[in-house]
Protein chains: 2
Amino acid sequence: MTTVQRPTLEAVARRAGVSRATVSRVVNGSTTVAEPIREAVRLAVAELGYVPNLAARSLVTQRTDSIALVLPEEATRVFSDDQVFPSIIRGVAQELEAADKQLVLMLAGSPAGHARVERYTTGRHVDGVVFASLHGADPLPAKLARLGIPVVCSGRLVGDVGVPYVDVDHVGGVTRAVRHLLDSGRRRIATIAGPQDMFAGVERLTGYREAVAAAGLPERVAFGDFTRESGAAAMRQLLDAHPDLDAVFAASDLMAHAAMRTLREAGRRVPDDVAMIGFDDIETAAYTDPPLTTVRQPILELGREAARQLLRMAAGEDVAPALVLPTELVVRASA
Amino acid sequence: MTTVQRPTLEAVARRAGVSRATVSRVVNGSTTVAEPIREAVRLAVAELGYVPNLAARSLVTQRTDSIALVLPEEATRVFSDDQVFPSIIRGVAQELEAADKQLVLMLAGSPAGHARVERYTTGRHVDGVVFASLHGADPLPAKLARLGIPVVCSGRLVGDVGVPYVDVDHVGGVTRAVRHLLDSGRRRIATIAGPQDMFAGVERLTGYREAVAAAGLPERVAFGDFTRESGAAAMRQLLDAHPDLDAVFAASDLMAHAAMRTLREAGRRVPDDVAMIGFDDIETAAYTDPPLTTVRQPILELGREAARQLLRMAAGEDVAPALVLPTELVVRASA
DNA sequence: TTGTAGGCGTTATCAA
DNA sequence: TTGATAACGCCTACAA
């Protein structure tokens with residue numbers, strides 16, 4: 001490849017008949033440069049097509065003005081019709097946009113990808129990192145924090161690792177959901193739980209367990225991983241094990257959606273025979289048949305808060321170790 | 001923020017009692033270092049928690065081992081339930097994964113975002129750039145190419161700018177779709193066209209126009225922007241202007257989906273009264289009611305090819321100026 | 001207001 | 001095989 005030799009500050013300086021320092025000042029918008037000189041430099045920059053080398057700059061400034069959002073997931077998963085990731089991304093993007101920082105999105109589904117992300121982030125390619133959807137006890141956030149790199153997790157980590165996080169009130173939302181089912185007379189309430197290597201999965205199950213226990217009812221649990229397919233499978237398991245169930249709380253809307261379909265295929269009417277409540281309030285929840293009653297979590301806001309916290313940290317400010325946003329029960333027709 | 005002072009090569013060298021050069025060799029896996037020394041260096045690296053500074057490295061190597069995928073779209077749009085972008089992302093991600101390059105995803109919906117992306121890419125933060133979903137005559141690809149930065153566009157640009165691209169055979173696919181409608185006896189065939197500032201939008205309309213003209217039929221056109229809402233609106237327009245239509249080719253599955261719903265609301269049966277064909281073959285196309293007949297485009301493959309081309313360019317090889325992948329008519333129940 | 005000069009942390013070219 | 005030493009391109013005291 002015949003990489004065009006790119007002009008440097010030095011070249012621009014020669015062209016404009018000034019020193020490197022002056023060019024640097026003009027390029028970076030310093031006001032202490034006389035107008036004629038400034039103009040001459042601008043001209044030289046334009047003529048030569050000069051573009052600053054960011055590596056050189058960040059080597060000395062110790063900043064890159066870009067922030068990474070790391071999703072330790074396969075691309076397939078991130079961009080499914082689950083709108084959770086997209087919303088987080090949008091939220092983060094909005095805040096960074098306002099701060100004029102570049103968002104760098106990194107997927108890390110595979111071990112190799114994870115290693116690459118580690119190299120990239122620890123190598124100071126970014127000024128800070130937002131993690132979302134962490135599984136298990138991923139050591140990377142803590143590692144980065146130890147290296148002095150600002151880190152915020154969107155969604156609390158399993159096991160407290162001392163990294164600031166933002167999350168939503170899972171238990172509160174689930175509690176309201178189960179109470180709603182109880183209020184409408186349901187007594188044989190099952191749950192389709194989420195993956196237990198994620199905090200959201202654990203918490204939503206905890207919420208369910210506590211709520212049914214408080215009502216003196218037995219628990220009926222099947223597990224999924226937040227996806228549609230897993231929801232359908234879990235629903236079939238529940239029907240097999242507890243054919244008499246009259247309500248289901250699913251830990252994600254996708255699972256709830258698939259479960260409703262499975263119920264219909266099994267000849268059960270929703271909500272007449274079995275009530276269904278989901279979690280997330282994704283866009284399609286309003287368009288399912290019947291429209292899905294669900295626990296809304298402010299995902300966009302979660303992303304925005306995560307980004308805000310990170311920007312504060314990067315600016316050297318202290319931030320709260322935890323920020324928990326409220327959830328809300330949205331009652332539609334399915335329960 | 002108490003940014004921990006990070007150890008440098010120098011520090012490791014002192015600790016291990018060798019020179020910087022030797023540490024560099026060990027870190028980069030050179031084989032010309034004696035085993036005991038290698039071991040001592042490894043120990044020092046571990047003890048100090050040394051991580052190479054990527055900015056310093058790329059300043060001298062002129063490489064970053066990362067590739068940008070730029071989507072000049074709002075995050076909202078990119079992550080809608082349209083699976084087109086996600087598939088491109090996945091395709092690119094797969095190839096880069098195999099090449100052990102870091103994927104850096106950048107959204108650039110706003111003008112400010114666009115400017116940021118320009119700074120970032122021209123500033124040599126990445127070794128190459130894949131563009132997808134370009135609107136109008138975006139000058140950035142050509143600009144990067146002039147700077148000697150490898151660029152590939154996924155989806156051809158409006159107006160030939162001399163940047164290598166990969167795309168699918170829009171016209172061929174649409175032609176087969178219209179022919180299918182003709183073969184099944186439809187004669188009053190309308191189209192919901194895509195945005196005319198995108199090559200895909202233009203080409204699919206061209207394909208429709210040529211096909212109906214070749215059959216001696218008049219054209220009936222309404223415009224959308226590939227989204228559901230725009231599809232519904234366009235369908236209403238078409239029904240108003242041409243209440244006798246008996247078939248519609250929509251330039252995207254999302255528009256086709258919404259149009260079918262609109263038709264049903266207007267009392268038309270699909271396909272009995274009006275046949276519908278979409279474009280894309282997104283996942284939900286198989287689950288619409290009725291299942292959607294559509295033109296499948298190999299989007300994942302498109303992303304992979306784009307990435308492959310880029311990697312070749314970055315490696316200094318020559319690549320074909322254009323690569324066009326075939327499309328295919330998938331016949332389901334809607335037409 | 002402008003220029004000089006040193007240094008940011010690596011890699012790479014030489015000698016040794 | 002190892003070690004000086006010179007870039008890489010930029011910013012920024014400090015001096016003029």
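A note on names: the letters A, B, ... follow the listed sequences, proteins ahead of strands, and every chain is numbered from 1. Keep in mind it's a predicted model, so treat the numbers as computed, not measured.
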Next on the checklist: If you compare every side-chain N and O of A/Ser19 against the phosphate oxygens of C/dG3 (OP1, OP2), does one of them come in below 4.0 Å?
Outcome noted: yes
Item to check | Nearest-neighbour nucleotide for the B/Arg20 side chain, D/dA4, C/dT10, C/dT2 considered | outcome: C/dT10
Checklist entry - Contact class for B/Ala34 vs. all strands (heavy atom < 4.0 Å): base, sugar-phosphate, or nothing? => result sugar-phosphate
Checklist outcome for this item: Considering only heavy side-chain atoms of B/Ala56, the closest of C/dT10, D/dC10, D/dG3 is C/dT10
Item to check | Candidate list B/Asp65, B/Asn28, B/Thr64, test side chain to side chain donor-acceptor pair (under 3.5 Å), partner B/Arg57, passing option | outcome: B/Asn28
Next on the checklist: Over 60° means perpendicular and under 30° means parallel, so tell me whether B/His125 and B/Tyr120 are parallel, tilted or perpendicular.
Outcome noted: tilted
Next on the checklist: What's the closest nucleotide to the side chain of A/Arg25 if the choices are D/dA13, D/dG3, C/dG9?
Outcome noted: D/dA13
Next on the checklist: By nearest atom, which of the nucleotides C/dT1, D/dG9, C/dA12 is closest to the B/Val60 side chain?
Outcome noted: C/dA12
Checklist entry - B/Val51 near the nucleic acid: base, sugar-phosphate alone, or nothing, with a heavy-atom cut-off under 4.0 Å? => result sugar-phosphate
Checklist entry - Per the atom types in the model, does the base of C/dG9 pair as donor or acceptor with the side chain of A/Arg57 at under 3.5 Å? => result no
Next on the checklist: Quick check on DNA chain D: between A/Asn28 and B/Ile37, whose nearest nucleotide comes earlier from the 5' end?
Outcome noted: B/Ile37
Next on the checklist: Just to be sure I understand the rule, does A/Thr8 reach a base, reach only the sugar-phosphate, or reach nothing, if contact means heavy atoms closer than 4.0 Å?
Outcome noted: sugar-phosphate
Next on the checklist: Any base atoms under 4.0 Å from A/Val18, or only sugar-phosphate, or nothing? Heavy atoms, all strands.
Outcome noted: sugar-phosphate
Next on the checklist: Can you tell me which nucleotide in D/dC8, D/dT12, C/dG9 comes closest to the side chain of B/Gln62?
Outcome noted: D/dC8
